[in-house]
Amino acid sequence: MRDLAFIGFLLALFGMGLRRPFLFVLAYVYIDIVSPQRLTYMLLNSLPISLIAGAAAFGGWLVFDDKKDCRVAPRQGLILLLILYCGITTRTADFPAEALDKWDWVWKALAFAAFLPLTLRTRLRIEALLLFMTLSAASIVIVGGIKTLFSGGGYGELNLMVANNSGLYEGSIISAVAICIIPIVLWLARYGTLFGTGHAVKAFAYALVFACLLIPVGTSARTGLMCIGLLAVLMLREVKRPMLYLGALALAGLVAVPFLPSAFSDRMATIKTYQADESASTRLAVWQWTWEYAKTHPFGGGFEAYRQNRIRYDTVAVKGSGASTTVERNLTVDKSRAYHSSYFEMLGEQGYPGLALWLLLSLSGLIRMEILRRRHREGDFAWGGALAGALQHAHLIYLLGGAFVGIAFQPFIYMLIGAQIGLDTYLTRRRREATWRPMFGKRLTPAAA
C-alpha cells in the first residue's frame with residue numbers, strides 16, 4: 001500500500017505538470033529531499049526516479065515554460081564551474097570506483113541548483129519552492145518530533161522512518177536542516193500567500209517549529225544544539241523587543257531543562273569533555289590528517305579520498321576525585337574515517353580550488369541576501385527583504401552545522417542557494433522595471449508581485 005500511495009502521489013504531480021511545467025520542478029524537490037524510494041518496499045526501488053524527475057523538470061521548462069523573464073546570475077556560473085572541477089577530480093580520484101558512486105548524485109544536485117533559478121520567474125514560484133522544500137523536510141521532522149515526545153530518542157536510536165542512516169535520515173544532518181528551515185517556516189507563516197497567514201497556518205507553523213527544535217533532542221546531536229544557539233542569536237535581528245526576547249528565551253530554557261531526557265543531557269555534556277569522547281577525538285584526528293594530506297595534494301584526492309586515512313589519537317578519562325584523581329590515556333588506532341566536516345570534506349576531496357569555489361558560492365550568496373534585506377526593508381517588496389533575511393539565516397545555520405558534519409554536497413543546501421539566486425534575479429528585475437523611465441510620458445510602475 002505504501003508503494004502504491006507514493007506512486008499515486010508522484011503520478012498526480014507529473015500529470016498536473018503536463019499543464020503546469022513548474023510542478024515537475026516541485027516533484028524533483030520532493031523526491032530529492034524525501035527519497036521516497038527508501039520508504040517503499042519494491043516498486044520504486046528499481047526505478048531511477050530522481051533522474052526521471054530531473055529530466056521531466058528540465059524538459060518541461062525547455063518545451064512548455066515561458067522564458068521571457070529568465071535571468072542568469074554569476075553564481076550559476078560558479079556552480080557550473082564547480083561541476084566541471086568536481087568532474088576533473090573524479091577522473092583522477094584516488095578511489096575511482098567509489099568516487100563515481102558519489103559523483104553520480106553530486107552532479108545532479110549541482111546541475112539542478114544551476115537550472116532551478118531559471119524557473120523562478122514569479123513570487124508564486126519562489127514561495128511554492130520554499131513551501132515544498134519545507135514540507136518535504138517536515139515529513140521527516142514531524143515523525144522525529146512525535147517519536148521524541150513519546151520515547152525521548154537517543155544518539156543513534158531515533159528511527160526516522162527508515163533504517164538507512166544517510167541523507168536527511170542521518171541524525172546530525174536532519175538536526176542541522178531542521179533548525180535551518182525554521183526562519184523559512186516563520187517567513188511563510190507571516191508572508192505566505194499560497195495558504196494565507198490565518199490562525200490555522202500560524203498554529204501549524206509554530207507546531208512545526210517546535211518539532212524542529214525537538215529533533216536535536218531526539219537525535220542527541222551536538223550539531224543541532226549549536227545550530228539552535230546560532231538561531232537564537234540571529235533572531236535578535238528580527239525581534240522588536242530584544243530584552244523581552246532574551247528574557248523569554250532564558251525562561252524557556254529554564255522550563256525545558258527538567259524535561260530533557262538524560263540521554264540528551266549526557267551527550268551534550270561531552271562538548272566540555274571532548275577529549276574523553278571517542279567521536280570528538282576521531283573528528284579532530286581526521287581533520288589533522290586532512291590538513292596534512294592537502295599539503296601534498298593541493299588539488300584534492302577526489303570523492304571518498306578519506307578512505308585512505310590512518311589515524312592515531314588519545315582519549316582521556318578522569319577517574320576519582322580530589323587527591324585520588326587519576327587520568328588515563330588510551331591510544332586508539334583507526335582508519336577510513338569520514339571527514340565529519342563540510343570544510344574538510346571539500347579540502348580533502350576537491351583541494352584548495354574546490355574549497356575556494358564552495359566558500360565563494362556561499363559567501364557571495366550571504367552578501368547578496370544582506371544587500372536585498374537592507375534594500376527592501378519597506379515598500380511593496382518588503383516580503384522579499386524579509387525572505388532574503390530568512391534565506392541568509394538558514395544558510396548561516398547550515399554552514400555552522402556543516403562544520404561538524406559532511407554535508408558540503410547535500411542537495412538541500414543547493415536548493416536553498418537556487419532559491420536565493422531566484423529571489424535575487426526576480427527582485428533585481430522588478431526593481432529595474434519600477435525605476436525604468438520611458439523617453440516620453442510618465443514612468444511605468446508595475447505591480448509588486
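In this chain, residues are counted from 1 in sequence order. Just so you know, these numbers come straight off a predicted model, no measurement behind them.
- Of the possible polar contacts, one joining the Tyr245 side chain to the Ala232 backbone as a donor-acceptor pair under 3.5 Å is found.
- When side chains are defined from C-beta on, Arg121 does not count as touching Phe22, because their heavy atoms never get closer than 4.5 Å.
- Listed for the Ser362 side chain is no donor-acceptor partner under 3.5 Å among the backbone atoms of Leu359.
- Side-chain contact check for Leu391 versus His395: every heavy-atom pair is 4.5 Å or farther apart.
- Formation of a donor-acceptor pair under 3.5 Å by the Glu238 side chain with backbone atoms of Met235 is not found in this model.
- Side-chain contact check for Leu188 versus Leu194: every heavy-atom pair is 4.5 Å or farther apart.
- Taking every heavy atom of both residues into account, Ile181 and Ala137 meet most closely at CD1-CB, 4.2 Å.
- Here the side chains of Thr197 and Arg190 are not in contact, with every heavy-atom distance at 4.5 Å or above.
- To the nearest 0.5 Å, atom SG of residue Cys180 and atom CG of residue Leu416 are 6.0 Å apart.
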From CA spacing to verdict: side chain to side chain contact (heavy atoms under 4.5 Å, CB included), Ile182, Ile397
CA-CA 10 Å; Ile182 289 178; Ile397 294 168; over 6 Å; no
Decide yes or no on ring-ring contact (aromatic ring centres under 6.0 Å, His included) for Tyr339 and Tyr306, but give the supporting numbers first.
CA-CA 7 Å; Tyr339 298 103; Tyr306 73 87; 5.7 Å; yes
When you look at Gln410 and Tyr398, which way does the side chain to side chain contact (heavy atoms under 4.5 Å, CB included) test go after all the steps?
CA-CA 11 Å; Gln410 274 296 317; Tyr398 198 95; 3.1 Å; yes
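- For the atom pair Thr428 OG1 and Arg375 CZ, the distance stands at 6.5 Å (nearest 0.5 Å).
- The OG atom of Ser364 lies 8.0 Å from the CD1 atom of Ile421; values are rounded to the nearest 0.5 Å.
- A parallel orientation is assigned to the rings of Tyr293 and His297, their planes being inclined by less than 30° (bins at 30° and 60°).
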Can you list the steps and then say if Trp103 with Ile83 is a side chain to side chain contact (heavy atoms under 4.5 Å, CB included)?
CA-CA 10 Å; Trp103 165 255; Ile83 295 176; 4.0 Å; yes
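- Here the closest heavy-atom approach between residue Ala305 and residue Asp94 is recorded as CB-OD2, 4.5 Å.
- Of the possible donor and acceptor atoms, none in the side chain of Ser175 sits under 3.5 Å from a partner among the backbone N and O of Gly224.
- Contact between Ile126 and Gly422 at its shortest, heavy atoms only, is CD1-O, 4.0 Å.
- When Val405, Leu399, Ile407 are each tested for a side-chain contact (heavy atoms from CB on, under 4.5 Å) with Ser342, only one passes: Ile407.
- When all heavy atoms are compared, the tightest approach of Leu213 to Val217 is O-CG2, 3.9 Å.
- Side-chain atoms of Tyr414 and Leu82, non-hydrogen and from C-beta on, do get closer than 4.5 Å to each other.
- For residues 338-353, the set of pairs meeting the salt bridge (charged side-chain N to carboxylate O under 4.0 Å, His left out) definition, not counting sequence neighbours, comprises Lys102-Glu345, Lys102-Glu349.
- The local environment of CZ in Arg125 is crowded, with over 12 non-hydrogen atoms from other residues, nucleotides or ligands closer than 6.0 Å.
- No more than 12 heavy-atom neighbours from other residues, nucleotides or ligands sit within 6.0 angstrom of CZ on Phe299.
- With rounding to the nearest 0.5 angstrom, the OH atom of Tyr343 is 15.0 Å from the OG1 atom of Thr290.
- Panel note: side chain Ser136, backbone Met133; no donor-acceptor pair is recorded below 3.5 Å.
- Looking at Leu357 and Gln350, their side chains never come closer than 4.5 Å, going by heavy atoms from C-beta outward.
- Minimum interatomic distance between Phe409 and Trp105 (heavy atoms only, all atoms of both residues): O-CZ3, 3.1 Å.
- Ser336 contributes a side-chain N or O that, together with a main-chain N or O of Arg307, makes up a donor-acceptor pair within less than 3.5 Å.
- No side-chain donor-acceptor contact under 3.5 Å links Tyr28 to the backbone of Ala56.
- Interatomic distance, His393 NE2 to Leu366 CG, rounded to the nearest 0.5 Å: 10.0 Å.
- Remark: Lys108 does not engage Asp32 in a salt bridge, criterion side-chain N to carboxylate O under 4.0 Å.
- In this structure, the side chains of Glu304 and Asp101 stay at 4.5 Å or more apart for every pair of heavy atoms.
- Under the 4.5 Å side-chain criterion, counting only non-hydrogen atoms from C-beta, Leu186 is in contact with Tyr206.
- Of all heavy-atom pairs spanning Met346 and Leu355, the tightest one is CB-CD1, 3.9 Å.
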Stepwise side chain to side chain contact (heavy atoms under 4.5 Å, CB included) test for Tyr191 and Glu127:
CA-CA 9 Å; Tyr191 293 98; Glu127 186 178 328; over 6 Å; no
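- The main-chain N or O of Ala403 is found under 3.5 Å from a side-chain atom of Ser341 such that the two form a donor-acceptor pair.
- Summarising the local packing, CZ of Arg91 is surrounded by 12 or fewer heavy atoms from other residues, nucleotides or ligands at distances under 6.0 Å.
- Under the 3.5 Å distance criterion, the side-chain polar atoms of Arg373 are left unmatched by any main-chain donor or acceptor of Gln392.
- For Tyr352, the OH atom sits in a packed shell: over 12 heavy atoms of surrounding residues, nucleotides or ligands are nearer than 6.0 Å.
- Surrounding CH2 of Trp287 are more than 12 heavy atoms belonging to other residues, nucleotides or ligands, all under 6.0 Å away.
- Note: Leu129 CG to Leu124 CG = 11.5 Å, rounded to the nearest 0.5 Å.
- No donor-acceptor distance shorter than 3.5 angstrom exists from the side chain of His376 to the backbone of Leu372, with no hydrogens or angles considered.
- More than 12 heavy atoms of other residues, nucleotides or ligands shown are found within 6.0 angstrom of CZ on Arg310.
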